[in-house]
Amino acid sequence: MTGYVYTIAGGKGGVGKTTTAINVAVSLQDAGHDVVVVDADLGMANLGAMLAVDHQPSLHQVLAGKAAVSDAIIEGPGGITVVPGERNLEAFADADPAKLRKVVKALSTAYEIVLIDTGAGLSHETTVPLGLADGVLLVTTADEVAIGDTIKTAQLAERIDGDVVGAVLTRADDDTNVSEVADKLDMEMLAVVPEDQDATRKEPLIINDPDSYAAEAYRRLASTLEEIYEANTEGGVTPEQEFEPSSTPDTDGEAADDGDDDEDDEDDEEGVFGLFN
């Protein structure tokens, strides 16, 4: 059985998708699971920068057919595995989002839980991860625009048979009406992360400020996601293969396919991409 794939999504930028992915990953790793986080925000690719991880080859090079998935992974804080991207336009132009299917398929045979961090908006690159997920977790703030964009993302996920497991409300304060937000979204609110001015801005918050209210909220969220994972995998999965993440940057990656064929690319063109054709 392959690992469980969570896609962390939300229509609006700046709501905390990457922060959520990082802290959930560390929490799940602390709970004894083998976790990998993929930076599928191909346009911005902030995951590596937020974790102070600089690694070559990157996910972008894998999606450009210039490197193997196994060469693009590196160990991050808290023992998690990270597949970072690049933050330059040339890499973005060369990366083919359709090849993300192969990347996730390979990683799901080596890790118990795969977390896909996505970009904002509705486009090819953000739609593909929705179709790859076993469960979609939506992240929003109480801002009306963010809520509206989250609803659109949920509707798109539904159109491509994505399973939205629930939502996370971030940056909540004393004036935030959580029930009202939940009613507008019309989905289960799995966690409410408070705006914590006293918490460090250095990620992962779980490690650098473990006693903060926000860190506690992420731990509770991870516990809920762990329950969903175990319920859907009959208590968990055992990886079929093992990738050894680099502890230092590696610049010697060579093109490789990691054991898949071209049928997946055809599926992408006729599947999720067909929504936009």
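Note that the numbering runs from 1 along the sequence shown for the chain. Hydrogens, waters and symmetry mates play no part in the numbers below; they use all other heavy atoms, side chains included.
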Is there side-chain contact between [X] and [Y], with at least one heavy-atom pair below 4.5 Å?
{"X": "P239", "Y": "Y111", "answer": "no"}
{"X": "K202", "Y": "M50", "answer": "no"}
{"X": "V36", "Y": "V82", "answer": "no"}
{"X": "I22", "Y": "L51", "answer": "yes"}
{"X": "V24", "Y": "L221", "answer": "yes"}
{"X": "V168", "Y": "L137", "answer": "yes"}
{"X": "L169", "Y": "M189", "answer": "yes"}
{"X": "I74", "Y": "P84", "answer": "yes"}

*State yes or no: do M44 and V62 share one hydrophobic cluster built from I, L, V, M, F, W and Y residues joined by side-chain heavy-atom distances below 4.5 Å, directly or via other members?*
no
*Group every Ile, Leu, Val, Met, Phe, Trp and Tyr by side-chain heavy-atom contacts under 4.5 Å, then state whether L156 and V145 land in the same group.*
no
So, [X] side chain and [Y] main chain: donor-acceptor pair closer than 3.5 Å or not?
{"X": "D134", "Y": "V5", "answer": "yes"}
{"X": "T7", "Y": "P129", "answer": "yes"}
{"X": "Y213", "Y": "V193", "answer": "no"}
{"X": "D71", "Y": "A67", "answer": "no"}

Got a second to check how far [X]'s [atom1] is from [Y]'s [atom2], nearest 0.5 Å?
{"X": "D196", "Y": "L205", "atom1": "CG", "atom2": "CG", "result": "7.0 Å"}
{"X": "L138", "Y": "K17", "atom1": "CG", "atom2": "NZ", "result": "10.5 Å"}
{"X": "E86", "Y": "D94", "atom1": "CD", "atom2": "CG", "result": "9.5 Å"}
{"X": "T150", "Y": "K152", "atom1": "OG1", "atom2": "NZ", "result": "10.5 Å"}
{"X": "D41", "Y": "L47", "atom1": "CG", "atom2": "CG", "result": "9.5 Å"}
{"X": "I207", "Y": "T200", "atom1": "CD1", "atom2": "OG1", "result": "11.5 Å"}

*asked:* Show every side chain to side chain donor-acceptor pair (under 3.5 Å) that has at least one partner inside residues 162-175, sequence neighbours left out.
replied: D173-T176
_Show me the pairs that pass side chain to side chain donor-acceptor pair (under 3.5 Å) and involve residues 21-37, at least two apart or across chains._
N23-E203, H33-E112, H33-E226
*Under the side-chain hydrogen bond (donor to acceptor under 3.5 Å, both in side chains) test, which residues partner D198, sequence neighbours left out?*
none
*What residues form a side-chain hydrogen bond (donor to acceptor under 3.5 Å, both in side chains) with T18, not counting sequence neighbours?*
D117
*Pick from L107, I73, T81: which one makes a side chain to side chain contact (heavy atoms under 4.5 Å, CB included) with V38?*
L107
_Residue pairs fulfilling salt bridge (Lys or Arg N to Asp or Glu O under 4.0 Å) with at least one residue in residues 209-223, sequence neighbours excluded_ = E216-R219, E216-R220
*Apply the test side chain to side chain contact (heavy atoms under 4.5 Å, CB included) to residues L225 and L190: give CA-CA distance (whole Å), side-chain angles for both, the deciding distance (0.1 Å), then the verdict.*
CA-CA 9 Å; L225 296 180; L190 300 185; 4.1 Å; yes
Looking only at non-hydrogen atoms, find the nearest pair between [X] and [Y] and report the distance.
{"X": "A217", "Y": "P194", "answer": "CB-CD, 4.0 Å"}
{"X": "I116", "Y": "A40", "answer": "CG2-CB, 3.5 Å"}
{"X": "V181", "Y": "A142", "answer": "CG2-CB, 4.1 Å"}
{"X": "G135", "Y": "V165", "answer": "CA-CG1, 3.8 Å"}

*asked:* If you count every heavy atom of other residues, nucleotides or ligands that lies below 6.0 Å from E230 atom CD, does the total exceed 12?
replied: yes
_M187 CE: over 12 foreign heavy atoms closer than 6.0 Å_ = yes
*Looking at residues at least two apart in the chain, or sitting in another chain, which of them share a ring pair (Phe, Tyr, Trp, His ring centres under 6.0 Å) with Y4?*
Y6
*asked:* Would you say T109 and E240 are linked by a side-chain donor-acceptor pair, where the criterion is simply a distance under 3.5 Å?
replied: no
